[in-house]
Amino acid sequence: MKVLFFGTPLFAEIVLEGLLNSKHQVVGVVCQSDKPAGRGNKMVSPHITQIAKANNVPVFQFEKLLPHIEDFKNIDCDIFVTASYGKILPKSLLDIKLCINVHPSLLPKYRGATPIQNAILNGDVVTGVTVMKTEVGMDDGDIFLQEKFNISPEDDYTSLLPKLADLGTKLLLETLDKIENGTAKRTPQNAQDATFVKLLKKEDGLLDFSLSAESLVNKVRAFVEFPVACFKIGGEIIKVYKAKVATDDFAKQKLAEFEKNNFGTILCTKKRFLIKTGGGIFEILKCQAPNGKILDAAAFLNGYHFKSMAVDK
RNA sequence: CGCGAGGUAGAGCAGCUCGGAAGCUCGCCGGGCUCAUAACCCGGAGGUCACAGGUUCAAAUCCUGUCCUCGCAA
């Protein structure tokens, strides 16, 4: 089939690559417009544009889609496919052709912008990918295909996203085949079971050490790309990129030594970075001081001068 | 020219204000001690202080330029 693809970030890139390597033909890639980014605020194109250009696929970048409805009507294609495009498509656009979407969750659970992060954040063991009809409502269209996927305790957002994107690609290709030969079936979502997840904000990353160590580790895993889990000590922000719950004897012994201290107390600074929490011991494995590089805990501790032996409240 | 921080031994850092013998913590190599070690003791290797100019009797340190890295903001 001739596909017009809508998508912008990494998840969309992976699905697009899968489409390009399939028997289906991608007639164009629609992504968000260039934005100033990085030091110097230079204008940067979404990376997906390079993939499109490398495959000689035309790229369409619009600030708003609505003024370009007539242009879309003139594009020779059979179907629209969206994958993490980043904006809601107007009804007048969805009326032109059938439009299907790849969404990395078990819909109707986790409708919205950050399904992968929230699955990890909540400590889910199972998530999945859904291919459904794109509607004006947020991720509420009829489901074509859905498949579960196990989240490993070792997975963080960075490692899980490509796995779900690969699964999404597989389901998308199956759906396209079924639509093409007329065997596709749709199942409405059960709206009563729907949950919604919002865009993440900077302040969402702040770690609250009154919570359990396990939930803090989940936040680290979920937010590793953005906004990055962090805490303050002596007024300085320390970002945490990798952490675990410490349950070994050495850690337990340290916890016993500081039995009377409040949560947020740093238990050990020799070679391991342990912090007492409201439930268990939080161990930092990779972190970053302001202006510094991301370091292993041992390297970080060699040179870092603690201004306090407890995390700021 | 968006704002800011930095480049010193294999790693992480101090020293720069106020120029005058290259330091700390770890790692590495060798030896010692211990029932034991994520402990301790002794010794050792390892640096063109990012690069290029300038000032000076003397520059990691002061001045100018270049390259690279990172944080913030978007």
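Below, chain A is the first sequence line, B the second, and so on; all start at residue 1. Below, all heavy atoms of this structure are taken into account, side chains as well, without hydrogens, waters or symmetry copies.
For the P atoms, the distance linking rA14(B) with rU56(B) amounts to 32 Å, nearest Å. Nucleotides rA50(B) and rU61(B), compared at atom P, are 8 Å apart to the nearest Å. The separation of rC18(B) from rA38(B), taken at their C1' atoms, amounts to 42 Å, rounded to a whole angstrom. A gap of 14 Å separates the P atoms of rA21(B) and rU17(B), to the nearest Å. Nucleotides rG46(B) and rC68(B) place their C1' atoms 24 Å apart, quoted to the nearest Å.
A heavy-atom distance below 4.0 Å to RNA chain B is reached by these residues of residues 283-294 of chain A, ordered by number: Q288(A), N291(A), G292(A), K293(A). Only at 4.0 angstrom or more do the heavy atoms of residues 227-236 of chain A sit from any atom of RNA chain B, so none qualifies.
We find that NZ of K254(A) is positioned 11 Å from P of rA39(B), with the value rounded to whole Å. Atom pair K271(A):NZ and rG12(B):P shows a separation of 18 Å (rounding to whole Å applied). Look at CZ on F226(A): it is 13 Å from P on rG71(B), rounded to the nearest Å. Between the C1' atom of rG23(B) and the NE2 atom of H305(A) lies a distance of 12 Å, rounded to the nearest Å. Taking atom CG of D296(A) as the reference point, atom P of rC13(B) lies 12 Å away to the nearest angstrom. In this structure, CE of M43(A) is placed 13 Å from P of rG2(B), rounded to the nearest angstrom. Rounded to whole Å, the distance from CG on L295(A) to P on rU69(B) is 17 Å. The nearest whole Å value for the distance from the CG atom in N302(A) to the P atom in rA38(B) is 17 Å.
The residue among F300(A) and K42(A) whose nearest nucleotide of RNA chain B lies closer to the 5′ end is K42(A).
Checking rG6(B) for Watson-Crick or G-U wobble geometry (two distances, each under 3.5 Å) identifies rC68(B) as its partner. Pairing for rG30(B) is with rC42(B), a Watson-Crick or G-U wobble pair whose two hydrogen-bonding atom distances lie under 3.5 Å. Pairing for rU48(B) is absent, with no Watson-Crick or G-U wobble pair whose two atom distances lie under 3.5 Å. When both distances must be under 3.5 Å, the Watson-Crick or G-U wobble mate of rC16(B) does not exist. Across all strands shown, rA60(B) has no partner, as no Watson-Crick or G-U wobble contact with both distances under 3.5 Å is found.
When the shell of 6.0 Å around CD of E203(A) is examined, it contains more than 12 heavy atoms from other residues, nucleotides or ligands. More than 12 heavy atoms of other residues, nucleotides or ligands shown are found within 6.0 angstrom of NZ on K87(A).
For K254(A), there are no side-chain hydrogen bond (donor to acceptor under 3.5 Å, both in side chains) partners at least two apart in sequence or on another chain. Take F226(A) and apply the ring pair (Phe, Tyr, Trp, His ring centres under 6.0 Å) test, not counting sequence neighbours, and it matches no residue. Qualifying ring pair (Phe, Tyr, Trp, His ring centres under 6.0 Å) partners for F273(A), counting only residues two or more places apart in sequence or in other chains: F300(A), F306(A). T82(A) meets the side-chain hydrogen bond (donor to acceptor under 3.5 Å, both in side chains) test with N101(A), T134(A); sequence neighbours excluded. Applying the side-chain hydrogen bond (donor to acceptor under 3.5 Å, both in side chains) rule to D140(A) yields no partners; only residues at least two apart in sequence or on another chain are considered.
On a pure distance criterion of 3.5 Å, no polar donor-acceptor pair joins the side chain of D249(A) and the base of rA38(B).
R272(A) places no side-chain N or O within 3.5 Å of a backbone atom of E283(A) that could act as its donor or acceptor partner.
Under a 4.0 Å N-O distance rule, the pair D76(A)/K2(A) qualifies as a salt bridge.
Other members of the hydrophobic cluster containing L107(A), listed by chain and number, are M132(A), I143(A); membership follows side-chain contacts under 4.5 Å among ILVMFWY residues, whether direct or relayed. Alongside Y110(A), the hydrophobic cluster contains V197(A) (criterion: ILVMFWY side chains under 4.5 Å). With side-chain heavy atoms closer than 4.5 Å counting as contact, directly or through intermediates, the hydrophobic cluster containing F6(A) also holds L4(A), V27(A), V30(A), F60(A), F62(A), L65(A), L66(A), I69(A), F72(A), I75(A), F80(A), Y85(A), L89(A), L93(A), L94(A), I96(A), V136(A).
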Dump the pairs, protein N or O against N or O of nucleotides 72-74 of chain B, anything under 3.5 Å, distances to one decimal.
from    : atom 1 : to      : atom 2 : distance (Å)
rC72(B) : OP1    : K239(A) : NZ     : 2.5
rA73(B) : OP2    : K202(A) : NZ     : 3.4
rA73(B) : N1     : G38(A)  : O      : 3.4
rA73(B) : N1     : N41(A)  : OD1    : 3.4

Contacts table for residues 9-16 of chain A: side-chain donor-acceptor under 3.5 angstrom, sequence neighbours left out:
from   : atom 1 : to     : atom 2 : distance (Å)
E13(A) : OE1    : H47(A) : ND1    : 2.9
E13(A) : OE2    : H47(A) : ND1    : 3.4

